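Here the structure is a predicted model, which means the values were calculated and not measured. Basis for what follows: all heavy atoms, side chains included, without hydrogens, waters or symmetry-related copies.
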Amino acid sequence: MQPIRYGIIGVGSIALRSHIPALAMMDDVEIVALCNPSRAKAEQGAALCRGRPALFEDYRDLLAQQEIDCVVIASPNFLHKEQTVAALAAGKHVLCEKPMATTEEDAFLVHEAARTGGTVYQIGLEMRYSDLYSKVAGIIRGDQIGRPRMFLCKEFRWPLLPGSRGWRFDASLSGGSLVEMNSHRFDLFNWFACAQAARVMAVGGNDVNPDGQLDNAWVLVEYTNGARACLGMCKFSPYGNDIIELTIVGDRGKLE
């Protein structure tokens, strides 16, 4: 059987640490192309691959390669919509790192492109495949705690990549702290609630960190089935790099 041939757009830390090593371990996968504005980064990624992938600076040149079946988009957030829509239009299957887009308008454009594209589109929300959270979802769907009614998640941590600068610290490019950091938590809420969000309320501010981004917030989500979720986000917690607490309460039991 012919291997699935991948192209990777964006050879930054997530591609070098995760996507390329994982794909390189699979016998039925071949990485045939990499795209990155920095040739040095592209070469670094190529060194992790079996064989010698073609290297491109412009993602459109990569998408023009007919032999590519699937594209991983691991570029900065603000490029996700443009590159995803182009990849789907080129007939490629797409795995895009979260978030799917940085604005609501762009998210709807991606959704429409995926709906009509005829290929597989997936967002890199890997917690859906975590053994821990899959077990939690099984407990909820197995009716062990009754109907899930309340969710509470606290993500208190130091700033993301402290001391760094670049697109992650510009809300217009990253989508802001809640999009860049907390999209995984909101996805868990949606998964566990087994319903669509009906209302969202939030307060927050930039009170401590000097980078100008939202560094604390509380977000309330009410679902169509009456379940309610609350996320607390803090990026100046002195207690460690990543303190995450999740509590789920059903009408007959609780998970912590």
Side-chain angles (χ1 to χ4, degrees), residues 8-10 12-15 19 35-37 58-60 63 71-90 92-117 119-128 153 155 159-161 164-191 193 195-207 209 211-224 229-235:
I8 298 178
I9 300 174
S13 59
I14 191 66
H19 291 294
C35 176
N36 200 77
D58 191 318
Y59 75 90
R60 288 169 285 245
L63 294 178
V71 172
V72 173
I73 296 176
S75 54
N77 297 355
F78 66 95
L79 297 172
H80 288 182
K81 183 269 292 185
E82 173 188 324
Q83 294 173 348
T84 296
V85 170
L88 292 169
K92 313 299 185 187
H93 302 292
V94 175
L95 170 63
C96 182
E97 266 297 330
K98 60 82 181 168
M100 65 189 298
T102 56
T103 68
E104 182 182 21
E105 179 183 11
D106 282 353
F108 279 114
L109 291 174
V110 171
H111 180 270
E112 183 63 16
R115 187 183 68 82
T116 59
T119 53
V120 175
Y121 167 68
Q122 186 173 12
I123 307 169
L125 293 164
E126 71 270 14
M127 290 186 181
R128 292 269 180 154
C153 180
E155 184 169 356
L160 187 65
L161 302 176
S164 300
R165 287 296 177 264
W167 64 267
R168 292 181 190 274
F169 294 86
D170 183 334
S172 67
L173 303 180
S174 70
S177 300
L178 292 172
V179 171
E180 167 62 18
M181 285 178 51
N182 302 118
S183 50
H184 289 297
R185 317 304 168 205
F186 292 121
D187 183 57
L188 289 180
F189 287 161
N190 295 343
W191 186 19
Q196 293 187 338
R199 292 195 300 163
V200 178
M201 300 151 278
V203 292
N206 174 233
D207 299 332
N209 296 333
D211 57 28
Q213 283 215 76
L214 198 71
D215 61 16
N216 69 95
W218 289 101
V219 183
L220 300 175
V221 184
E222 187 171 55
Y223 287 89
T224 53
C230 179
L231 170 77
M233 180 273 285
C234 175
K235 292 202 297 182

Which atom of Lys235 lies closest to which atom of Leu214, heavy atoms considered: CE-O, 3.2 Å
Gap separating the CG atom of Asn216 from the CG atom of Asn209, nearest 0.5 angstrom: 9.0 Å
Is any side-chain heavy atom of Ile73 less than 4.5 Å from a side-chain heavy atom of Ile8? no
So how far is it from Met100 CE to Asn77 CG, rounded to the nearest 0.5 Å? 12.5 Å
Can you tell if the side chain of Arg185 reaches within under 4.5 Å of the side chain of Met127, non-hydrogen atoms only? yes
Indicate whether the side chain of His93 and that of Gln122 have a donor and an acceptor atom separated by less than 3.5 Å. no
Evaluate the side-chain proximity of Lys98 to Glu180: yes if any heavy-atom separation is below 4.5 Å, no if none is. yes
The test is side chain to side chain contact (heavy atoms under 4.5 Å, CB included); show your working for Arg128 and Asp187 and say whether it passes. CA-CA 8 Å; Arg128 292 269 180 154; Asp187 183 57; 2.9 Å; yes
Set of residues satisfying side chain to side chain contact (heavy atoms under 4.5 Å, CB included) with respect to Asp170, sequence neighbours excluded: Ser172, Leu173
Could you measure the distance from the NE2 atom of His184 to the SG atom of Cys153? Nearest 0.5 Å is fine. 12.0 Å
Run the side chain to side chain contact (heavy atoms under 4.5 Å, CB included) test on Leu95 and His19 for me, step by step, so that the C-alpha distance in whole Å, both residues' side-chain angles and the decisive distance to 0.1 Å come before the verdict. CA-CA 10 Å; Leu95 170 63; His19 291 294; 4.1 Å; yes
Verdict with supporting geometry, Val221 and Arg199, side chain to side chain contact (heavy atoms under 4.5 Å, CB included): CA-CA 6 Å; Val221 184; Arg199 292 195 300 163; over 6 Å; no
Distance, nearest 0.5 Å, that separates CD1 of Ile9 from NE2 of His80: 10.0 Å
Are any of the side-chain heavy atoms of Tyr223 and Gln196 separated by less than 4.5 Å? no
List the atom of Met233, the atom of Ser177, and the distance in Å for their closest heavy-atom pair. CE-CB, 3.9 Å
Close side-chain approach of Glu104 and Phe108, heavy atoms under 4.5 Å: yes
Determine whether Val219 and Met201 make a side-chain contact, defined as any pair of heavy atoms from C-beta on separated by less than 4.5 Å. no
Here the pair of heavy atoms bringing Val94 nearest to Ala87 is CG2-CB, 3.6 Å
Test Leu231 against every option in Leu178, Leu220, Leu188 by the side-chain contact (heavy atoms from CB on, under 4.5 Å) rule and name the one that passes. Leu178
Of the non-hydrogen atoms in Tyr59 and Ala86, which two are nearest, and what is the gap between them? CE1-CB, 3.8 Å
Locate the shortest heavy-atom distance separating Ser13 from Arg168; write the atom from each residue and the value. OG-NH2, 4.3 Å
I want to check something: taking the side chain as every heavy atom from C-beta on, are Glu155 and Asn182 in contact at a cut-off of under 4.5 Å? yes
Do the non-hydrogen side-chain atoms of Trp191 and Leu125 ever get within less than 4.5 Å of each other? no
Take Phe78 and Ser174 through the side chain to side chain contact (heavy atoms under 4.5 Å, CB included) test and state the conclusion after the steps. CA-CA 6 Å; Phe78 66 95; Ser174 70; over 6 Å; no
dist Tyr121:OH -> Cys96:SG (nearest 0.5 Å) comes out at 5.0 Å
Looking only at heavy atoms, the pair that brings Ala195 and Thr224 closest together is CB-OG1, 3.5 Å
In Å, rounded to the nearest 0.5 Å, how long is the span from CG of Leu88 to CZ of Arg115? 12.5 Å
